[in-house]
Number of protein chains: 2
Amino acid sequence: MEIKQYIQENEARFLDELASLIRIPSISALPQHKEDMLACAERWRQLLLEAGADEAMVMPSEGNPLVYAEKRIDPNAPTILVYAHYDVMPAEPLELWNSQPFEPEIRDGRIWARGADDDKGQSMIQVKAFEYMVREGLLRHNVKFIFEGEEEIGSPSLNAFLKEHRELLRADVILVSDTSMLGADLPSLTTGLRGLAYWEIEVTGPNRDLHSGHFGGAVANPINVLCGLLAKVTDADGRITIPHFYDDVEPVPEAERRMIASIPFDEEAYKAAIGVKALKGEKGYSTLERNSCRPSFDVCGIWGGYTGEGSKTVLPSKAYAKVSCRLVPHQNHETISRLFTGYIQSIAPEYVQVKVTPMHGGEGYVCPITHPAYVAAEQGFAKAFGKQPLAVRRGGSIPIISDFEQILGIKTILMGFGLESDAIHSPNENFRLDIFRKGIEAVTEFYKALDL
Amino acid sequence: MEIKQYIQENEARFLDELASLIRIPSISALPQHKEDMLACAERWRQLLLEAGADEAMVMPSEGNPLVYAEKRIDPNAPTILVYAHYDVMPAEPLELWNSQPFEPEIRDGRIWARGADDDKGQSMIQVKAFEYMVREGLLRHNVKFIFEGEEEIGSPSLNAFLKEHRELLRADVILVSDTSMLGADLPSLTTGLRGLAYWEIEVTGPNRDLHSGHFGGAVANPINVLCGLLAKVTDADGRITIPHFYDDVEPVPEAERRMIASIPFDEEAYKAAIGVKALKGEKGYSTLERNSCRPSFDVCGIWGGYTGEGSKTVLPSKAYAKVSCRLVPHQNHETISRLFTGYIQSIAPEYVQVKVTPMHGGEGYVCPITHPAYVAAEQGFAKAFGKQPLAVRRGGSIPIISDFEQILGIKTILMGFGLESDAIHSPNENFRLDIFRKGIEAVTEFYKALDL
């Protein structure tokens with residue numbers, strides 16, 4: 001049976017299976033969802049067996065368990081390792097969702113839910129392409145699956161797991177569907193990723209909340225101080241001011257800058273889509289360079305003092321922020337973490353106490369476009385989308401991709417099918433069903449074309 | 001009966017009455033406490049009648065009701081108007097309280113609860129001194145009471161009430177016990193108060209939370225922008241940078257600076273009490289000047305992005321802050337509010353939308369130390385505390401004190417009995433029982449000495 005027909009005949013079941021995963025709120029950031037993590041892993045185990053794996057199991061780690069499955073074709077055949085993650089981001093702010101985040105709805109040709117794209121929907125593409133290859137007897141490679149439950153919190157247990165199970169995970173190439181394309185009609189494959197470093201900052205002023213009338217003006221306010229510290233991390237040109245921060249950043253090659261400049265990009269449409277009047281970024285770089293090839297600094301969250309209704313006056317004791325840097329290849333996240341911590345401590349004034357806690361981090365990644373699996377992926381995308389995909393660097397981070405390379409010695413092909421409009425990590429996350437179908441077709445064609 | 005004996009014989013009842021008020025969580029900032037406001041007003045009405053008022057009533061306003069009571073002695077005698085407030089601040093953060101905020105506990109010679117000092121405890125001093133004067137037949141003045149329920153949210157309904165009831169509230173002097181003294185052994189009377197202006201700032205970046213990997217570096221982050229805006233409001237010398245902010249600020253007179261310098265003040269003990277290694281404030285001024293005679297700028301609250309557990313990466317859509325300026329006499333809070341709003345808008349970059357909402361405000365106040373009621377208060381304090389009280393300006397704001405002057409044309413005597421250790425507006429608010437007793441004695445002696 002042709003893949004298009006197979007998808008048509010089975011799509012209702014595929015979506016039911018996806019819905020059964022989405023309904024399990026596997027939010028790794030929140031400890032109250034521990035049991036949901038187990039339930040979601042178990043559900044994937046069943047689905048991988050049903051899709052054609054010879055065996056599948058839920059394996060313990062130091063944190064949430066991982067799901068491992070494999071299909072053996074021939075000990076001498078090349079082996080593909082499919083990595084995905086079954087955990088999702090928190091759904092807050094809940095009031096901005098148009099439907100329940102953990103009760104999927106299909107409308108306007110999309111499935112709406114937390115995880116619809118990232119990464120339950122995208123993982124399902126991999127599993128269904130595999131199912132087709134198995135059921136049609138077309139599979140020429142051994143396939144292994146490893147689905148983890150801590151990607152959204154920085155995969156704290158994965159490295160130890162990889163080291164412990166090097167043999168089990170031995171493969172020739174890794175496939176990951178967890179990135180996005182330039183557009184629905186602009187297929188692309190990701191050849192580079194940014195790294196990440198993430199910290200929590202706690203500023204303590206007085207040992208208790210003070211009356212801002214009795215003390216204001218004479219005692220440093222930790223929120224004012226925190227704002228001042230965070231404002232100092234970038235300068236007027238949008239550059240990060242941490243000493244030595246750019247030491248390992250390689251200039252973007254001129255050839256790559258030309259390629260990026262050739263990507264169709266409508267800045268007005270981009271601004272309109274996110275509702276801003278103007279863009280802001282590092283001087284001397286284009287928007288597409290800024291969000292993929294250059295590092296960035298974002299305050300992801302901030303809180304302190306009175307945040308309820310009305311107008312309480314207070315000089316608070318504490319202020320907090322969660323901050324992150326996106327890094328580019330060759331920037332070591334541990335080095336950056338030390339530089340950041342040292343810089344903040346060096347500019348912290350004596351009238352407050354500042355604590356910087358590194359939360360997680362990961363390296364950037366680059367995949368050569370001459371890799372045979374990359375070439376096969378290009379062909380798969382070209383068949384499914386009717387267009388040769390562009391090779392682009394993306395601004396997101398999948399820190400474990402560089403860990404795979406370091407620990408397992410394997411390159412990863414990032415065949416992601418997300419779109420900007422999928423709103424991952426945001427309210428109203430969704431995934432287009434036409435892309436879901438083309439994704440399954442693209443992965444299927446990849447399997448057919450792959451010649452390692 | 002002597003006042004000391006009267007207090008001794010009746011103290012258990014006084015504290016029971018105070019506890020009955022404290023148990024009503026009359027938090028004006030939170031709309032769910034509307035019924036508690038009514039209950040607390042009603043309780044005061046009963047207590048004022050029991051203390052000796054001829055009549056007492058709960059009177060409606062545009063917001064929470066006010067309690068009015070009066071004792072008529074002689075139409076030709078001078079009239080004293082006692083102002084107080086029965087509302088309290090929210091008790092958050094609850095986890096920092098050592099006992100329940102709305103279930104008073106007496107330990108270590110203090111009563112511990114939200115409102116123990118501010119202003120239920122201090123109001124009780126006024127009511128019990130009045131009770132003594134009535135019961136002993138010593139009262140030579142007419143006395144009126146007006147207790148409001150919106151002081152902690154800026155008294156939004158009081159001005160209209162004062163204008164409507166000018167005749168009812170006619171008096172020769174106003175007494176208010178809602179300020180604090182320099183120390184338990186350092187009695188003082190407040191002759192100046194700072195004004196206040198309070199705003200909420202909302203910064204909107206993109207129209208939804210964005211993935212900080214896909215957009216970070218190319219799109220302005222509203223938290224980063226908010227921090228930058230707030231950091232710009234003060235300069236390295238601790239001065240407020242808003243143009244024309246200091247135009248109406250009069251230099252502190254040299255004589256007053258000398259008086260302030262003569263106040264016993266142990267900066268090391270002050271720092272130790274609030275747990276900071278260093279103080280921070282406007283260059284060229286002492287700590288006591290900074291927190292009483294000079295304006296200040298504090299961020300009272302800030303929030304935005306992900307503030308839960310773990311480390312969610314996000315480029316949020318919105319960031320918020322609640323900010324306030326303490327003002328000094330002659331700074332008009334409405335002028336300052338316009339200057340602040342204009343300044344923030346003028347420095348707001350085009351890549352975000354910034355909304356500044358004025359929340360409330362009030363003018364500063366000065367009372368001449370030659371006022372006959374001030375002189376009587378001085379005598380009352382001297383008898384109760386055994387020391388001549390110092391005349392000092394305080395940094396807090398009671399915006400309605402200047403409204404009394406403007407609308408009713410009456411000066412106010414600020415006979416406050418609070419101490420810094422009372423932790424008003426903070427967890428573990430408390431009031432010393434020895435001060436409570438001395439306060440009743442001081443007000444009693446004031447009545448005896450008053451010759452208007």
Side-chain angles (χ1 to χ4, degrees), chain A residues 29-30 89-90 153 194 198 206-209 211-221 223-224 227-228 230-231 274-281 287 290-291 294 296 298-307 309-315 324 326 350-351 359-360 395-397 424-426, chain B residues 29 89-90 153 194 198 206-209 211-221 223-224 227-228 230-231 274-281 287 290-291 294 296 298-315 324 326 350-351 359-360 395-397 424-426:
Chain A
L30 302 176
M89 274 285 174
I153 53 167
R194 289 198 283 189
Y198 196 110
N207 54 15
R208 58 187 167 92
D209 289 359
H211 191 294
S212 70
H214 300 171
F215 293 89
V219 176
N221 178 319
I223 306 182
N224 293 49
C227 289
L230 295 176
I274 57 175
V276 298
K277 281 194 199 138
L279 297 172
K280 163 85 190 329
T287 295
R290 288 168 174 173
N291 70 11
R294 300 292 300 172
S296 62
D298 274 291
V299 185
C300 298
I302 193 163
W303 70 103
Y306 185 70
T307 59
E309 261 187 275
S311 50
K312 177 176 173 174
T313 53
V314 63
L315 195 169
S324 73
R326 297 287 169 171
E350 56 174 350
Y351 38 78
M359 300 286 278
H360 75 255
S397 312
I424 67 168
H425 293 206
S426 295
Chain B
M89 275 285 175
I153 54 168
R194 288 198 286 189
Y198 196 110
N207 54 15
R208 59 187 166 89
D209 288 359
H211 191 294
S212 71
H214 299 169
F215 292 90
V219 176
N221 178 318
I223 306 181
N224 293 50
C227 288
L230 296 176
I274 58 175
V276 297
K277 282 194 198 135
L279 298 171
K280 162 84 187 338
T287 295
R290 288 169 174 173
N291 70 11
R294 298 294 299 173
S296 62
D298 274 291
V299 185
C300 298
I302 194 165
W303 69 105
Y306 185 71
T307 58
E309 260 187 276
S311 50
K312 178 177 174 175
T313 54
V314 64
L315 195 168
S324 73
R326 298 286 168 170
E350 56 174 351
Y351 38 78
M359 300 286 278
H360 75 256
S397 312
I424 67 167
H425 293 205
S426 295

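Letters A, B, ... are given to chains in the order of the sequence lines, protein chains preceding strands, and every chain is numbered from 1.
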Check your understanding: Given that the side chain runs from C-beta out, which part of H360(B) has a heavy atom under 4.5 Å from chain A: side chain, backbone, both or neither?
Key -> side chain
Study note, to complete from the structure: Rounded to the nearest 0.5 Å, the CZ atom of R290(A) sits from the CZ atom of F215(B) at a distance of 14.5 Å
Revision key, fill the gap. Answer key: most heavy-atom pairs under 4.5 Å with chain B among G396(A), G310(A), A218(A), S296(A) is A218(A)
Point to revise | Nearest non-hydrogen partners of G213(A) and R194(B), listed with the distance | key: O-NH2, 2.6 Å
**Study point:** From Y306(B) atom OH to M89(A) atom CE, the distance as rounded to the nearest 0.5 Å
**Key:** 8.5 Å
Point to revise | Where V299(A) and N224(B) come nearest, the two heavy atoms and their spacing | key: N-OD1, 2.9 Å
Practice item. Sort out for me which of C300(B), G301(B), G217(B) touches chain A most, counting heavy-atom pairs under 4.5 Å. Key: C300(B)
Review point. When only pairs under 4.5 Å are counted, which of D209(A), T287(A), I223(A), L230(A) shares the most heavy-atom pairs with chain B?
Key: I223(A)
Review point. Of all heavy-atom pairs between R326(B) and S212(A), which one has the smallest distance, and what is that distance?
Key: NH2-OG, 2.7 Å
Check your understanding: Who wins among G281(A), G305(A), S426(A), A231(A) for the most heavy-atom pairs under 4.5 Å with chain B?
Key -> S426(A)
Practice item. Specify which of V219(A), L279(A), I274(A) makes the most heavy-atom pairs with chain B at under 4.5 Å. Key: I274(A)
**Study point:** Non-hydrogen atoms of W303(A) and T307(B) that approach each other most closely
**Key:** CE3-CG2, 3.5 Å
Exercise for review: With a 4.5 Å cut-off on heavy-atom pairs, point out which of A278(A), G275(A), G395(A) contacts chain B the most.
Suggested key: A278(A)
Practice item. Check each atom of R294(B) against the heavy atoms of chain A and say whether the ones under 4.5 Å are side chain, backbone, both or neither. Key: neither
Practice item. Mind checking the CG-NE2 spacing from N291(A) to H214(B)? Nearest 0.5 Å is all I need. Key: 9.0 Å
Study note, to complete from the structure: Max heavy-atom pairs within cutoff under 4.5 Å with chain B, candidates S324(A), A220(A), G216(A), G228(A), goes to G216(A)
Revision key, fill the gap. When every non-hydrogen atom of I302(B) is compared with those of C227(A), the smallest separation belongs to CD1-SG, 3.7 Å
Check your understanding: Considering all heavy atoms of both residues, which atom of T313(B) and which atom of H425(A) are nearest to each other, and what is their separation?
Key -> O-ND1, 3.7 Å
